[in-house]
Amino acid sequence: SQQGEEDPQALSIQEGENATMNCSYKTSINNLQWYRQNSGRGLVHLILIRSNEREKHSGRLRVTLDTSKKSSSLLITASRAADTASYFCATVGGGNKLVFGAGTILRVKS
Amino acid sequence: DTGVSQNPRHKITKRGQNVTFRCDPISEHNRLYWYRQTLGQGPEFLTYFQNEAQLEKSRLLSDRFSAERPKGSFSTLEIQRTEQGDSAMYLCASSLAILENEQFFGPGTRLTVL
């Protein structure tokens with residue numbers, strides 16, 4: 001079953017704008033990861049944030065984690081057309097499997 | 001290319017037939033995972049191996065599904081007596097056995113059951 005909800009389900013922005021996606025989860029976690037999936041292709045790992053971290057940066061990506069609210073957000077700054085993809089959060093709790101949300105579809109218009 | 005590979009990329013079959021998919025993980029990765037993804041949803045966990053041992057199976061993995069990793073390297077996923085509801089993308093991933101558990105995904109096998 002899916003871990004939780006991602007919000008929004010779909011997002012359309014202009015190139016150069018920032019995109020923010022949110023993820024909620026249900027159980028305690030060791031870490032939370034964000035993945036990107038381009039149309040018809042496999043998932044690519046973007047960034048991992050541990051449960052004892054609150055914020056993490058990687059290039060144009062900024063991830064926050066609020067374990068008290070069981071939520072995370074992914075910010076993509078200065079978006080590009082190539083950022084068009086589906087974005088998924090995934091949690092790792094007990095055990096080793098990833099539990100994914102339903103994803104946010106991001107469209108960046110040039 | 002040293003990434004995760006999956007074969008075939010596409011499979012069309014008739015209901016009731018058996019199908020088998022193969023996954024070749026990144027060579028030094030001792031963990032291998034299978035996920036299933038349907039349209040508009042995130043991937044759902046099916047099963048995972050550490051070396052050749054199958055350590056966890058989802059309740060999604062009915063008795064028509066079987067997975068093996070005989071020598072701790074490549075893995076196969078077999079679906080017997082396929083049903084239309086089995087139509088999905090089947091994703092394989094591999095990782096090292098570390099806490100952070102970053103997983104590397106293959107391109108997937110898209111199964112269509114007619």
Side-chain angles (χ1 to χ4, degrees), chain A residues 1-10 21 23-53 56 58 63 65 72 74 85-106, chain B residues 1 3-7 9-10 21 23-26 29-51 53-61 67 88-110 112:
Chain A
S1 61
Q2 300 293 309
Q3 170 68 291
E5 297 296 323
E6 268 140 323
D7 168 49
Q9 291 185 325
M21 288 159 268
C23 162
S24 63
Y25 58 92
K26 297 176 182 175
T27 60
S28 61
I29 61 171
N30 293 324
N31 65 67
L32 185 143
Q33 304 177 28
W34 285 89
Y35 286 80
R36 181 185 70 215
Q37 185 175 40
N38 295 98
S39 178
R41 299 178 64 179
L43 289 108
V44 174
H45 181 269
L46 294 177
I47 192 167
L48 179 153
I49 186 165
R50 297 182 180 87
S51 59
N52 61 353
E53 297 176 314
K56 198 162 185 179
S58 176
V63 170
L65 179 64
S72 174
L74 171 67
S86 294
Y87 291 81
F88 297 91
C89 69
T91 54
V92 179
N96 298 291
K97 60 182 180 288
L98 292 173
V99 181
F100 287 86
T104 292
I105 300 171
L106 173 65
Chain B
D1 185 349
V4 178
S5 62
Q6 293 187 246
N7 288 288
R9 295 290 306 275
H10 303 274
F21 310 141
C23 170
D24 287 87
I26 293 171
H29 286 180
N30 50 5
R31 285 185 180 164
L32 186 148
Y33 309 79
W34 286 98
Y35 294 84
R36 180 172 68 187
Q37 185 177 24
T38 54
L39 197 63
Q41 298 296 316
E44 292 183 294
F45 170 79
L46 292 177
T47 188
Y48 98 93
F49 294 83
Q50 182 151 317
N51 301 314
Q54 189 173 20
L55 297 187
E56 188 173 349
K57 292 194 293 186
S58 164
R59 58 180 172 79
L60 295 175
L61 212 67
M89 176 76 85
Y90 290 84
L91 295 166
C92 175
S94 68
S95 75
L96 295 169
I98 58 174
L99 182 62
E100 283 76 16
N101 197 29
E102 175 188 344
Q103 297 185 17
F104 295 81
F105 283 80
T109 294
R110 182 168 294 284
T112 302

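Chain naming here is simple, since letters A, B, ... match the order of the sequence lines and numbering starts at 1 in each.
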Q.
Check this for me: Lys56(A), atom NZ, are more than 12 non-hydrogen atoms of other residues, nucleotides or ligands nearer than 6.0 Å?
A. yes
Q. When the aromatic ring centroids of Tyr35(A) and Phe105(B) are compared, is their separation below 6.0 Å?
A. yes
Q. Around Glu53(A), counting heavy atoms of other residues, nucleotides and ligands shown, do more than 12 lie under 6.0 Å from its CD?
A. yes
Q: Grab the two heavy atoms, one from His45(A) and one from Gln103(B), that are nearest each other, plus how far apart they are.
A: CB-O, 4.3 Å
Q: I would like to know whether Gln37(A) and Gln37(B) meet side chain to side chain donor-acceptor pair (under 3.5 Å); could you show each step before the answer?
A: CA-CA 12 Å; Gln37(A) 185 175 40; Gln37(B) 185 177 24; 2.9 Å; yes
Q.
Please classify the contact of Tyr35(B) with chain A as side chain, backbone, both or neither, using a heavy-atom distance under 4.5 Å.
A. side chain
Q) Does the side chain of Pro43(B) come within less than 4.5 Å of Leu98(A)'s, by heavy atoms? A) no
Q: Mark yes when over 12 heavy atoms from residues, nucleotides or ligands other than Ile105(A) sit less than 6.0 Å from its CD1; otherwise mark no.
A: no
Q: To the nearest 0.5 angstrom, please state how far the CG atom of Leu46(B) sits from the NZ atom of Lys97(A).
A: 11.5 Å
